Structure formats: C-alpha cells, structure tokens
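Input: a single structure, listed below in structure tokens.
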Amino acid sequence: MKKVGLLVAALLVMNGVRSQTVDKVTDPADWVNTLMGSDSKVSLSNGNTYPAIALPWGMNFWMPQTGKMGDGWGYQYTADKIRGFKQTHQPSPWINDYGQFAIMPVTGTMKFDQNKRASWFSHKTEIAKPYYYSVYLADADVTTEITPTERAAQLRFTYPATDSAFLVVDAFDKGSYIKIIPEEKKIIGYTTKNSGGVPANFKNYFVIYFDKPFTTSTIWNDSVTVADVKELQSNHAGAVVGFKTTKGEKVTIRTASSFISFDQAELNLKNEVGNDNFDVTKSKAKAVWNKELGRLAVSGGTPEQVRTFYSSLYRVLLFPRKFYELNAKNEVVHYSPYNGEVLPGYMFTDNGFWDTFRAVHPFFTLMYPSLTSHIMEGLANAYKESGWLPEWASPGHRDCMIGSNSASLIADAYVKGIRGYDINTLYQAILKNTENEGPLESVGRKGVKYYNTLGYVPYDVKINENTARTLEYAYDDFTILQLAKALNRPKAELERFTKRSQNFRNVFDPETKLMRGRNQDGKFQTPFNPFKWGDAFTEGNAWHYTWSVFHDINALSTLMGGKESFVKMLDSVFTMPPVFDDSYYGTTIHEIREMQIMNMGQYAHGNQPIQHMIYLYNYAGQPWKTQYWVRQVMEKLYKATPDGYCGDEDNGQTSAWYVFSAMGFYPVCPGTPQYVLGTPLFAKLTMTLEDGKVMEIDAPHNSEKNLYVQKAELNGAAYTKNWIGHADLQKGGKLIFEMGNEPQKARGTNPADYPYSYSTANK
C-alpha cells in the first residue's frame with residue numbers, strides 16, 4: 001500500500017496470520033473513497049451515492065455527470081461517458097436535484113448537446129477525493145480537475161494543442177438565463193431547474209471567471225445556436241466559449257453561485273476564492289477535511305477498515321447543507337425556500353429526518369454542538385417561514401416519508417445541553433405537529449385525529465403505513481415529554497405526552513409478538529403476513545418495525561413475554577430465511593432485494609428502521625450477541641468500494657451507524673443522554689471534542705477474532721454498564737475495553753446495568 005502522508009505499522013503476526021495494520025493516520029482525507037456506494041441503480045442500491053466534491057455541509061457540491069440532464073442517477077460507476085461537471089444540490093436520486101448547471105470541455109468542433117459533447121472516460125484515470133477530483137476525457141483529450149469551497153469552486157482544464165478548444169456552460173432546461181461578457185472573461189447565468197420544494201421566484205445565480213480570453217463565444221438555445229446575441233433567457237440556455245491552446249496548457253475558471261442574487265454570487269466568490277490559485281484552494285479544502293475527519297483519529301485497524309471508516313465519516317459530514325450565505329456586512333442571511341424572501345439567520349436543507357434522527361444528528365450533538373445549535377435556529381426559521389417544521393427538506397418541504405421526527409432532533413439537542421436558539425418557538429412548532437395534519441403528508445401528522453383519540457392510526461381508514469406512523473409518533477411523543485420536562489411545562493401537558501408515549505402498546509399483537517395493523521373497531525387486521533413489506537409499515541415489514549420502541553425496550557420485552565422470549569425474537573430475525581411479500585408494491589423494491597441478497601435472514605440493514613435492533617440484546621442481559629452481530633455487519637456489509645453499502649446511504653445515516661459502531665457505541669434512543677455499548681473496531685480511537693477535550697477509546701487486544709468485550713474501565717474505574725453517558729464522553733478521559741475471542745457471559749447481565757427504558761425508569 002502506498003504511504004500517502006501516513007505511517008503504516010509493520011506486519012503483525014496475529015493468530016498465525018500476517019496482518020497489516022495502520023499505526024497512525026495523518027491525512028484522513030486521503031483515505032476517503034468518494035466513489036463508495038456509486039455503483040447503484042434503481043433496482044439495487046449499493047449506496048445510491050455520487051462522488052461529491054465539496055466541503056463539509058457545503059452549500060454547493062460538484063460532481064462528474066454521467067447521467068442525462070434530470071436523471072436522479074447523476075453519476076453511476078458503471079457508466080462509460082461523462083456529459084459534464086455539474087454543480088449539484090442533490091441529497092438523493094429519489095429526491096433529485098435543484099439549482100444545477102454544468103460545465104464541459106470539448107475540442108475539435110463546437111459541441112454543446114449533452115450527448116454529442118459526452119466523452120469516454122476510465123476509472124483508471126480518475127482521482128476522486130473529497131477536496132479534489134480529476135479525470136481524463138478521452139474524446140476531448142482534456143484532463144479536468146475540480147476543487148471546492150463551500151459556495152464556490154475552481155475548475156482546471158488541461159487542453160491539447162489546438163485552435164479549437166471550447167468550454168460549454170449548460171444552464172439546463174425548465175427555465176434558465178445565460179450572458180457572455182467577453183471583455184471581463186466572464187459568463188453569468190441562472191438556473192431554475194428543480195424537482196420541487198421551491199417558491200415561484202427560485203433561482204440559482206452563478207458567475208464564472210476565466211483566466212484566458214475568448215477567441216469565440218456563442219449562445220445556444222436548447223439544440224441550436226443563436227446568432228449575434230450575448231445573452232438569452234429561455235427554457236434551456238447555454239454558452240460556448242473557445243480559445244487556442246498549446247499542448248498541456250491549463251485553463252482555469254473560478255465559479256460561485258448564490259440563491260440570492262448575482263451580486264451575492266460575486267461576493268461568495270470573492271470571500272471564498274479571492275485571488276487564490278487552484279492549488280491554494282485545493283490545499284485549503286484538504287486542510288478543512290483533514291481537520292474535521294481528524295476529530296476522530298483511529299489506529300490499529302486494517303487498511304480496509306480505515307478506508308471504510310473515513311469514507312463513511314465523509315458521508316456523515318456532507319448533509320444537511322448550509323443553505324445560507326454571508327452578505328456584504330458579513331451577516332448570516334438566507335434565501336427562504338419556503339416563502340421566497342431573503343431573511344436573516346441560518347437555514348439548512350437536504351435532509352430527511354426519518355433517516356437522520358437515528359444517528360446523524362446525535363453524532364452532531366456529540367461532536368458538533370455549535371453546528372447543532374445553528375441547525376436548531378434553521379428549524380425555527382423554517383417554521384416561522386412556512387408554518388411547519390421540515391421533515392424532508394430539499395430545499396423546501398418535500399412529500400417524502402412519515403413521522404414527525406423533527407421532535408427527536410430538537411429534544412435530543414436540548415436535553416444534551418445545546419443552547420443558542422429559540423427553543424420556545426420550536427416547542428410550539430412541535431405542539432402544532434401533535435394536533436394537526438400538514439399540507440403534505442410529510443409534515444404535521446397524517447392520521448393525527450385517530451392517533452390522539454384511539455391511541456393508534458387504524459389500518460382500515462385508508463391511511464397507508466399506519467402502524468409505522470403509530471410507532472414513530474409514540475417515540476416522538478416520548479422525546480416531547482423529555483423536552484417538556486426540561487422546559488417545566490404544565491402538568492397536564494406532561495401527562496398527555498406520557499400517555500401518548502405508550503401508544504406503541506396499542507399495535508402490539510400478543511399472539512404473534514409483533515407489531516400489527518389494527519382496525520378502527522379495535523380488532524387486528526387479518527390476514528396478517530409478518531413478511532409483507534409496506535402496507536402497515538414503511539419500507540419494511542413487521543419483523544423490522546416491531547423494534548421501533550426506542551424509548552421503552554423493557555416494555556417491549558415484557559409484552560413479548562419476558563427477556564428470554566425477547567431474545568428469541570431478536571435471534572429469529574437472523575435465523576429466518578429472507579422471504580418476503582411484495583404485493584403491496586406490486587414489484588420487488590430495491591430495499592427488499594437488498595435484504596434478500598445479504599444472507600442475514602430478515603435483517604435489512606440497508607434500510608433504516610431496523611438498524612438499531614442489533615443493540616437491543618443489551619437490554620436483555622446478552623450484550624455479547626450485540627457484539628457479535630455488530631462486527632458481522634461491519635465486516636460483511638460495508639467496504640470502501642463502489643458497491644460498498646448494502647442499501648441507500650441516506651444523508652449519512654447508514655454511514656453514521658458504521659462510525660458510531662466503530663467507536664464502540666450507538667444512540668439507540670435519541671432524546672436520552674445514553675449511548676448503548678457494542679464492540680469497538682479499532683485498537684484505539686481518539687475523539688477530539690469541540691471544546692478541545694479528548695476522549696480516548698482503547699481496545700489494545702482488538703482483532704477480527706477478539707471482538708467480545710471481557711471487561712471495561714472508565715477513567716481508571718471498573719465499568720459494568722451496557723451504556724455510556726453523554727456527560728461522560730463530554731468530560732473526556734479514557735474508556736478501555738479488554739477484548740477476547742469468546743463471549744463474556746457474566747458481564748452486562750445485571751438489570752441495573754441495562755440502558756434506559758421509560759417503564760424501568762418510571763416504576
């Protein structure tokens with residue numbers, strides 16, 4: 001393996017097998033494979049990612065575009081040709097993109113049509129890093145390089161010797177504008193192309209500066225050139241500029257965009273690129289990534305484990321997107337994707353809380369409390385500007401997924417001590433959710449009147465995914481209860497959410513020991529097939545959603561007949577065959593196929609509802625089973641390769657599961673200040689917290705076989721609990737795990753050491 005700014009330990013002899021381990025990582029950004037998960041398609045997701053050339057939480061990303069304009073699969077690893085290099089804001093292929101435009105070099109003849117300008121490329125000539133991308137375009141004989149800032153970028157093109165070198169700017173269809181200003185070596189334009197969630201006045205304004213004069217310039221409209229004009233507003237506007245180049249000549253452009261105005265785009269470019277050359281911007285971008293990735297420093301893992309860890313951490317740090325800008329007075333302002341106005345304060349977007357409440361946002365509350373505070377302010381602004389908390393924003397409200405999981409984010413941040421935002425406005429927004437349906441199914445609570453009167457959303461009232469809604473609302477009501485207590489809300493309010501937090505009981509079927517759809521008359525729906533996906537559940541079946549009682553696993557265990565029966569039910573997830581009923585969808589959706597081919601029974605790690613389930617053995621006195629299955633999933637289902645995920649990598653959630661699990665713990669129940677223990681992946685992991693404190697997690701005898709925790713020690717004292725507290729991690733110190741190759745069945749069996757369950761804590 002090449003030494004790229006890092007030290008690799010000598011070959012170690014372990015169990016008779018020579019195994020290379022990484023001793024120290026000094027450039028974590030160079031361990032990231034941004035192509036991880038990019039070998040995906042509609043029928044099978046290995047991540048559904050693209051190689052985002054970006055800074056953490058950047059307002060703009062860049063990507064090589066292999067798909068046709070408007071295709072959500074903008075980059076597919078199996079593609080042969082690149083059509084352009086696109087500024088993108090896409091959080092997911094299913095949600096698609098907005099505010100995008102593309103740039104593409106061509107040579108020989110002037111070609112601007114997306115198919116004609118496309119060039120063959122090979123991954124052998126592709127360098128894909130978070131802070132830098134490079135690829136050779138064979139048809140044009142041009143090498144393209146890109147390096148980003150948060151709202152700007154530099155692109156550099158190495159041309160052959162030719163008098164016919166061109167650069168195409170495509171502002172895309174659905175309404176765009178372009179203007180060429182030759183005397184300033186400049187192009188400006190805007191794009192309105194989007195896939196929803198925008199006000200009527202939505203535009204993404206861009207500016208592009210060249211370091212070389214144009215010898216020719218042409219405006220084009222859809223498929224034809226337009227003579228004798230330098231600007232055009234149309235359905236699909238674009239420009240082509242040309243110049244003469246010598247062999248190996250580099251042409252560099254500086255570009256930025258704004259959702260506010262052309263002047264703001266110019267300001268973004270000045271603030272973030274200024275007079276820096278390409279290599280300086282690249283060096284700065286790499287330093288930003290090394291700083292953020294380096295907050296978690298690992299050693300003692302294999303090169304593959306280190307690559308997978310930092311590739312996953314890169315994904316965690318991409319979303320939500322900073323949808324705000326700094327004006328001429330250096331004030332934080334944002335274009336509102338809800339009402340179309342330019343307003344003061346923070347705004348974030350491109351996040352689906354159904355996915356990310358589970359681990360992404362808890363990771364931020366742990367490692368990035370200031371960011372979380374800004375996100376909370378952004379949520380308050382979204383509520384003020386739209387009347388609703390966003391649940392899936394891109395950039396405004398999108399009708400996608402269920403639940404009102406914004407409550408989980410807000411409560412988790414507040415109970416963990418994060419301040420600096422308008423919590424009272426947020427609390428009122430949460431209360432509104434609990435009593436109202438929204439204008440879209442994804443905001444407010446669909447079926448709320450049934451839920452509030454019956455204690456569940458009935459199966460037979462034509463509200464889809466009803467049982468999943470009931471379970472998520474009940475968990476969200478628990479988080480609201482925790483927040484209400486912290487805010488000293490009235491007793492009647494506390495009693496209301498205490499009662500509602502137990503509504504999961506109303507959809508538990510004691511006969512099957514599973515969650516099940518329940519009709520309005522109180523009878524369970526029939527016939528019942530626990531392997532049926534969808535219907536009463538969301539992208540899963542009863543075996544997946546039954547565990548969604550994050551806040552009261554002890555109660556779930558009791559409902560199932562006690563800990564022995566509970567553990568048998570957990571075990572069954574892995575021992576049953578991966579059978580399924582896809583009749584609700586009428587086709588085998590990709591989430592089903594991903595479960596089927598992973599050979600882990602009914603365990604569907606590729607989708608979010610069951611990802612916490614492995615950690616639940618800790619609540620029943622068998623933590624060694626958690627340790628076994630955590631390591632199985634990490635080793636089998638994650639790799640830093642184009643097919644390296646086992647399903648959609650939704651806004652960092654599937655990656656956050658890996659990052660937390662590698663640290664040795666996982667936030668099963670956001671809204672409580674606990675992380676449930678698993679098994680650390682590395683011999684050593686050092687967390688540098690935002691205030692500079694350091695938490696060291698040591699497992700010196702860790703290995704592929706030594707995956708079982710024998711005993712633990714926190715700051716020099718024996719530690720017997722199956723969880724670790726947020727406050728303990730925030731203090732810094734040292735958590736030491738003694739590892740072995742056999743389960744330690746005497747540790748973690750005392751109920752006093754189990755993680756939090758509401759019914760236990762409130763006996």
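Computed from heavy atoms alone, side chains included, the values below leave out hydrogens, waters and symmetry copies. Remember, it's a predicted structure, so these values are computed and weren't measured experimentally.
Defined by atom type and a distance below 3.5 Å, a donor-acceptor pair is present between the side-chain atoms of Tyr615 and Ser661. No hydrogens or angles considered: nothing links the side chains of His551 and Thr672 as a donor-acceptor pair under 3.5 Å. Side-chain atoms of Glu591 and Trp533 include no donor-acceptor pair closer than 3.5 Å. In this structure, a donor-acceptor pair under 3.5 Å is absent between the side chains of Ser442 and Glu391. Between the side chains of Asn268 and Gln264, at least one donor N or O sits under 3.5 Å from an acceptor N or O. No hydrogens or angles considered: nothing links the side chains of Asn33 and Ser311 as a donor-acceptor pair under 3.5 Å. For the residue pair Glu539 and His590, no side-chain donor N or O sits within less than 3.5 Å of a side-chain acceptor on the partner.
A salt bridge links Arg469 to Glu441: at least one charged side-chain nitrogen sits closer than 4.0 Å to a carboxylate oxygen. Ion pairing between Asp477 and Arg445 holds under the 4.0 Å rule for side-chain N and carboxylate O. At a threshold of 4.0 Å, the pair Glu150-Lys322 counts as salt-bridged, since one of the basic side-chain nitrogens sits closer than that to a carboxylate oxygen. Under the 4.0 Å criterion applied to side-chain N and carboxylate O atoms, Asp71 and Lys68 are not assigned as salt-bridge partners. A salt bridge links Arg321 to Asp350: one of the charged nitrogens lies within less than 4.0 Å of a carboxylate oxygen.
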(Q) Evaluate Phe259 against Phe323 for side chain to side chain contact (heavy atoms under 4.5 Å, CB included), listing each step before the verdict. (A) CA-CA 9 Å; Phe259 294 105; Phe323 202 78; 3.4 Å; yes
(Q) For Gln87 and Asn204: C-alpha separation, side-chain torsions, deciding distance, then whether side chain to side chain donor-acceptor pair (under 3.5 Å) applies. (A) CA-CA 10 Å; Gln87 187 194 82; Asn204 186 31; 2.8 Å; yes
(Q) Please determine whether side chain to side chain donor-acceptor pair (under 3.5 Å) holds for the pair Tyr666 and His612, giving the CA-CA distance in whole Å, both sets of side-chain angles, and the decisive distance to 0.1 Å. (A) CA-CA 8 Å; Tyr666 186 78; His612 69 292; over 6 Å; no
Q: Could you please spell out the steps behind the side chain to side chain contact (heavy atoms under 4.5 Å, CB included) verdict for Thr654 and Gln611?
A: CA-CA 8 Å; Thr654 299; Gln611 287 180 350; 3.3 Å; yes
(Q) salt bridge (Lys or Arg N to Asp or Glu O under 4.0 Å), that's the test. Do Glu377 and Lys384 meet it? Break it down for me. (A) CA-CA 11 Å; Glu377 183 184 326; Lys384 292 171 185 175; over 6 Å; no
**Q.** Working for side chain to side chain contact (heavy atoms under 4.5 Å, CB included), residues Glu649 and Asn48
**A.** CA-CA 6 Å; Glu649 204 304 289; Asn48 263 333; over 6 Å; no
Q) Please walk me through it: do Tyr98 and Thr88 pass side chain to side chain contact (heavy atoms under 4.5 Å, CB included)? A) CA-CA 7 Å; Tyr98 64 90; Thr88 177; over 6 Å; no
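Between Tyr658 and Val316 the shortest side-chain heavy-atom distance does not fall below 4.5 Å. Using a 4.5 Å cut-off on side-chain heavy atoms (C-beta onward), Asp476 and Asn405 make contact. Looking at heavy atoms from C-beta onward, Phe319 lies out of side-chain contact with Val360 at the 4.5 angstrom threshold. Taking the side chain as every heavy atom from C-beta outward, Leu326 and Val333 never approach each other to under 4.5 Å. The shortest side-chain heavy-atom distance between Ile410 and Leu379 falls under the 4.5 Å cut-off. Looking only at side-chain heavy atoms (C-beta outward), Trp392 and Asp399 stay at 4.5 Å or farther from each other. The shortest side-chain heavy-atom distance between Ser370 and Glu690 falls under the 4.5 Å cut-off. Considering only heavy atoms from C-beta on, Pro51 comes within 4.5 Å of Pro64 through its side chain.
To the nearest 0.5 Å, atoms CG (Leu514) and CG (Asn541) are separated by 8.5 Å. Distance OG/Ser548 to CE/Met515: 8.0 Å, rounded to 0.5 Å. Note that the CG atom of Leu483 and the CG atom of Leu431 stand 9.0 Å from one another [nearest 0.5 Å]. We find the SG-CH2 distance between Cys400 and Trp94 to be 10.5 Å, quoted to the nearest 0.5 Å. In this structure, CG on Asn506 lies 10.0 Å from CG on Leu471, to the nearest 0.5 angstrom. To the nearest 0.5 Å, atoms CG (Asn651) and CG (Asp355) are separated by 6.0 Å.
The two residues Thr470 and Asn503 come nearest to each other via the heavy atoms CG2-O, 3.9 Å. Across Pro670 and Phe357, no two heavy atoms sit closer than the pair CG-O, 3.3 Å. The minimum heavy-atom distance between Pro439 and Val443, with the atom names listed, is CD-CG2, 3.7 Å. Among all heavy-atom pairs drawn from Ser336 and Glu385, the shortest one is OG-OE1, 2.6 Å. Scanning both residues, Ala54 and Phe61, for their nearest heavy atoms gives CB-CD2, 3.2 Å.
In this pair, Phe531 and Trp543 present their aromatic rings parallel. The plane angle is below 30°, not in the 30 to 60° band. Between Tyr335 and Phe202, the ring planes lie tilted relative to each other; the angle falls in the 30° to 60° range. Relative ring orientation between Tyr473 and Tyr451 is described as perpendicular, the plane-to-plane angle rising above 60° on a 0-90° scale split at 30° and 60°. A perpendicular orientation is assigned to the rings of Phe101 and Trp62, their planes being inclined by more than 60° (bins at 30° and 60°). Note on ring orientation: taking the six-membered ring where Trp is involved, the planes of Phe478 and Tyr758 are perpendicular (angle over 60°, cut-offs 30° and 60°).
The side-chain hydrogen bond (donor to acceptor under 3.5 Å, both in side chains) test with His89 is passed by exactly one of Asp97, Asn60, Asn96: Asn60. Remark: of the listed residues Tyr545, Phe550, Phe504, Phe550 is the sole one forming a ring-ring contact (aromatic ring centres under 6.0 Å, His included) with Tyr475.
Figure legend: cation-pi geometry between Lys41 and Trp73 absent, as NZ or CZ is not positioned both under 6.0 Å from the six-membered ring centre and within 45° of its axis. Under the 6.0 Å distance and 45° angle rule, Arg518 does not count as a cation-pi partner of Tyr459. Seen from the ring of Phe537, Arg516 does not count as a face-on cation partner, given the 6.0 Å and 45° thresholds. Arg419 forms a cation-pi arrangement with Tyr414, by the criterion of a distance under 6.0 Å to the ring centre and an angle within 45° of the ring axis.
At distances below 3.5 Å, not a single donor-acceptor pair connects side-chain atoms of Lys449 with backbone N or O atoms of Glu437.
For His361 and Phe364, the ring centers sit closer than 6.0 Å to each other. Side-chain rings of Phe665 and Tyr675 approach one another, their centers coming within less than 6.0 Å. Taking the six-membered ring wherever Trp is involved, the centroid distance between the rings of Tyr368 and Trp57 falls below 6.0 Å.
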Sequence neighbours excluded and cut-off under 3.5 Å, please list the side-chain donor-acceptor pairs for residues 340-349, or say none.
from: Tyr346; atom 1: OH; to: His374; atom 2: NE2; distance (Å): 3.3
from: Thr349; atom 1: OG1; to: Ala393; atom 2: O; distance (Å): 3.4
from: Thr349; atom 1: OG1; to: Pro395; atom 2: O; distance (Å): 2.7

